[in-house]
Amino acid sequence: MGGLRAAAQAGDVSARVQLGADCINRAKFDEAVDWFRLAADQGNAEALNALATLHLNGLGTEQSPHRAFALFTQAAEQGLREAHYNLSNLLYNGLGTVRDETLGQQHLLQAAGAGHRPALRALGFLYHLCGQAQDWPWWSTHCFRRAAEAGDAPAKYALALRLWHGHGANADRGEAQKWFSAAAQDGMWVARARLAGLQQETTPASKVVAVPLCEGPLPAYALPEPQPPPALHAPQFLSEHDDVLDGYLCDHFINMAAPRLMPSNVVDPKTGGTLQSELRTSHSMHFVPSMYDAVVAQLVKRIAAIAMLPAAHSEPLGMLRYGPGQEYRPHYDYYTDDRHQAQRVTTVFVYLNDVEEGGGTDFPRLGVKVGPALGKAVKFLNCDAEGKPNPETLHAGLPVIRGEKWLATLWFWDRPFDWFS
């Protein structure tokens with residue numbers, strides 16, 4: 001390490017990049033910024049990309065998505081495929097730049113065409129969302145296979161699921177089990193449960209016509225604009241919506257969230273900060289800006305369509321897991337940010353799995369209990385049209401009795417939510 005540091009201090013750009021990466025691995029973000037900034041000043045694309053990511057997440061430097069976008073652009077101009085992928089993510093989600101899905105798609109296709117694993121995985125999900133028309137199922141499986149064979153753990157799981165059900169490929173349950181095992185070894189949460197339950201699954205595999213391997217470029221796509229499913233509940237401020245997400249997306253978000261779970265907190269109404277409370281015994285995580293890819297953008301769009309509010313009004317995407325006995329006792333989601341004169345007005349959450357027993361959501365003042373079901377969304381308005389808290393929205397996450405409960409949650413404000421203030 002001493003020789004590497006001496007080389008970096010003498011101006012060796014590759015040594016500076018290597019030292020910056022080592023500092024990140026040791027969570028020394030301030031020092032990482034210094035080394036990457038020196039290498040970026042020398043025009044190194046990897047350093048530009050890494051420095052942009054640190055700016056995006058506010059690690060070791062000020063949080064600035066606009067600066068991140070500029071740095072990613074410089075790295076992409078040098079042909080760095082990861083920078084094209086990162087630019088795509090910012091463009092799809094409107095972080096640091098104006099939302100532009102057309103340009104985002106161009107960068108994503110360029111990164112995936114160059115073999116970037118997360119880009120191929122994201123493209124696999126986007127092709128999946130295009131539906132059954134034409135060859136989209138095959139293209140989806142094709143992208144997952146390329147990413148999986150290159151070592152991408154979430155793609156290994158998605159490929160296994162498609163091979164098990166015969167989606168976009170002829171069903172091959174032996175190969176599917178191998179990919180489930182590989183995904184489980186890589187820490188994919190749902191893969192372990194899948195492996196345990198495969199022998200009990202009797203759903204017949206669908207039959208498809210195999211599409212010949214295409215050596216040409218990955219095709220452009222056009223995703224349909226999400227439409228909220230019909231509301232299934234009577235009170236105008238509370239509604240249920242079935243089939244908002246399918247099993248592929250639900251499992252994917254569980255797999256992405258599981259390694260990052262921490263004990264859940266609640267908002268301290270006095271300070272606006274967070275604290276732990278016996279009211280809430282789940283585990284949770286929130287997506288940081290660098291986790292917002294094109295797939296997350298589609299999830300947020302679907303939930304925003306149900307909320308009937310712009311996606312830009314939402315807080316960072318939250319994921320929650322409740323194990324046996326865990327709960328969230330009766331509470332309100334309403335919250336006022338006095339500094340920004342803003343209110344959290346709407347809650348939408350989506351159940352990401354079927355719960356073996358328990359785990360419903362109780363609205364005691366309405367006499368309504370919502371049962372969990374994979375892909376079902378629940379929406380409620382935290383305040384009335386005049387901005388006053390709605391006491392009828394008192395709700396509780398009932399204890400899980402058997403199994404576990406996973407939720408994806410977005411809280412919406414009455415104006416654009418400022419992540420970076």
Side-chain angles (χ1 to χ4, degrees), residues 228 231 233 235-241 244 257 262-287 299-300 302-322 326-352 359-370 372 376-399 405-419:
H233 226 287
Q236 63 179 7
F237 54 82
L238 170 65
S239 58
E240 301 174 48
H241 307 262
V244 173
M262 299 289 289
S264 298
N265 293 321
V266 298
V267 175
D268 184 342
K270 295 181 179 179
T271 67
T274 60
L275 50 83
Q276 290 191 11
S277 168
E278 63 181 10
L279 293 174
R280 191 183 192 192
T281 55
S282 62
H283 288 74
S284 58
M285 59 81 64
H286 287 84
F287 278 49
L299 169 64
V300 173
R302 290 185 176 207
I303 296 179
I306 293 170
M308 294 189 288
L309 288 167
H313 286 216
S314 66
E315 296 181 31
L317 176 65
M319 299 283 167
L320 299 96
R321 177 189 177 269
Y322 293 80
Q326 292 185 328
E327 63 178 328
Y328 196 169
R329 296 178 187 173
H331 64 282
Y332 294 103
D333 283 0
Y334 178 84
Y335 175 65
T336 298
D337 181 348
D338 292 330
R339 184 163 64 97
H340 293 94
Q341 295 297 302
Q343 295 176 314
R344 182 195 278 174
V345 294
T346 300
T347 296
V348 183
F349 62 81
V350 183
Y351 295 107
L352 299 179
T361 304
D362 182 28
F363 292 84
R365 295 189 173 177
L366 297 177
V368 172
K369 291 184 180 179
V370 178
K376 178 198 286 186
V378 178
K379 165 192 170 181
F380 54 91
L381 307 183
N382 296 306
C383 59
D384 59 25
E386 298 178 356
K388 297 178 180 179
N390 182 356
E392 301 299 305
T393 61
L394 183 72
H395 61 287
L398 298 175
K405 177 177 72 172
W406 284 86
L407 296 173
T409 304
L410 278 179
W411 294 276
F412 289 83
W413 291 71
D414 59 354
R415 64 202 63 197
F417 183 80
D418 185 0
W419 286 33

Return the minimal non-hydrogen interatomic distance between [X] and [Y], and the atom names on each side.
X: Pro310; Y: Ala304; answer: C-CB, 4.3 Å
X: Arg365; Y: Leu394; answer: NE-CD2, 3.9 Å
X: Gly360; Y: Pro372; answer: CA-CD, 3.7 Å
X: Gly397; Y: Glu327; answer: O-CB, 3.3 Å

Would you say the side chain of [Y] lies within less than 4.5 Å of the side chain of [X], judging by non-hydrogen atoms?
X: Phe363; Y: Glu392; answer: no
X: Leu352; Y: Met319; answer: yes
X: Phe237; Y: Leu366; answer: yes
X: Cys383; Y: Lys388; answer: no
X: Ser314; Y: Val300; answer: yes

- Item | Contacts of Asp333 that satisfy side-chain contact (heavy atoms from CB on, under 4.5 Å) - sequence neighbours left out |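 By the side-chain contact (heavy atoms from CB on, under 4.5 Å) rule, Asp333 matches His331, Arg344, Thr347, Phe380, Asn382, His395, Trp411.
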
- Message: Please enumerate all residues that pass side-chain contact (heavy atoms from CB on, under 4.5 Å) together with Thr346, with sequence neighbours excluded.
- Response: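 Listed in chain order: Ala307, Leu309, Val348, Lys379, Leu381, Phe412.
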
- For Tyr351, what residues pass the ring pair (Phe, Tyr, Trp, His ring centres under 6.0 Å) criterion, not counting sequence neighbours?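 Result, ring pair (Phe, Tyr, Trp, His ring centres under 6.0 Å) vs Tyr351: Phe349.
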
What's the spacing between [X] [atom1] and [Y] [atom2] if we round to 0.5 Å?
X: Thr361; Y: Lys405; atom1: OG1; atom2: NZ; answer: 4.5 Å
X: Phe287; Y: Leu299; atom1: CZ; atom2: CG; answer: 8.0 Å
X: Leu320; Y: Met285; atom1: CG; atom2: CE; answer: 10.0 Å

- In sequence, state the C-alpha distance, the side-chain angles, and the governing distance for Glu315 and His286, and then conclude on side-chain contact (heavy atoms from CB on, under 4.5 Å). CA-CA 9 Å; Glu315 296 181 31; His286 287 84; 5.6 Å; no

- Message: Among Trp406, Tyr328, Tyr322, exactly one meets side chain to side chain contact (heavy atoms under 4.5 Å, CB included) together with Ser282. Which residue is that?
- Response: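 When side chain to side chain contact (heavy atoms under 4.5 Å, CB included) is applied between Ser282 and each of Trp406, Tyr328, Tyr322, only Tyr322 qualifies.
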
Are the side chain of [X] and the backbone of [Y] linked by a donor-acceptor contact shorter than 3.5 Å?
X: Tyr334; Y: Asn390; answer: no
X: Glu240; Y: Val370; answer: no
X: Arg302; Y: Val244; answer: yes

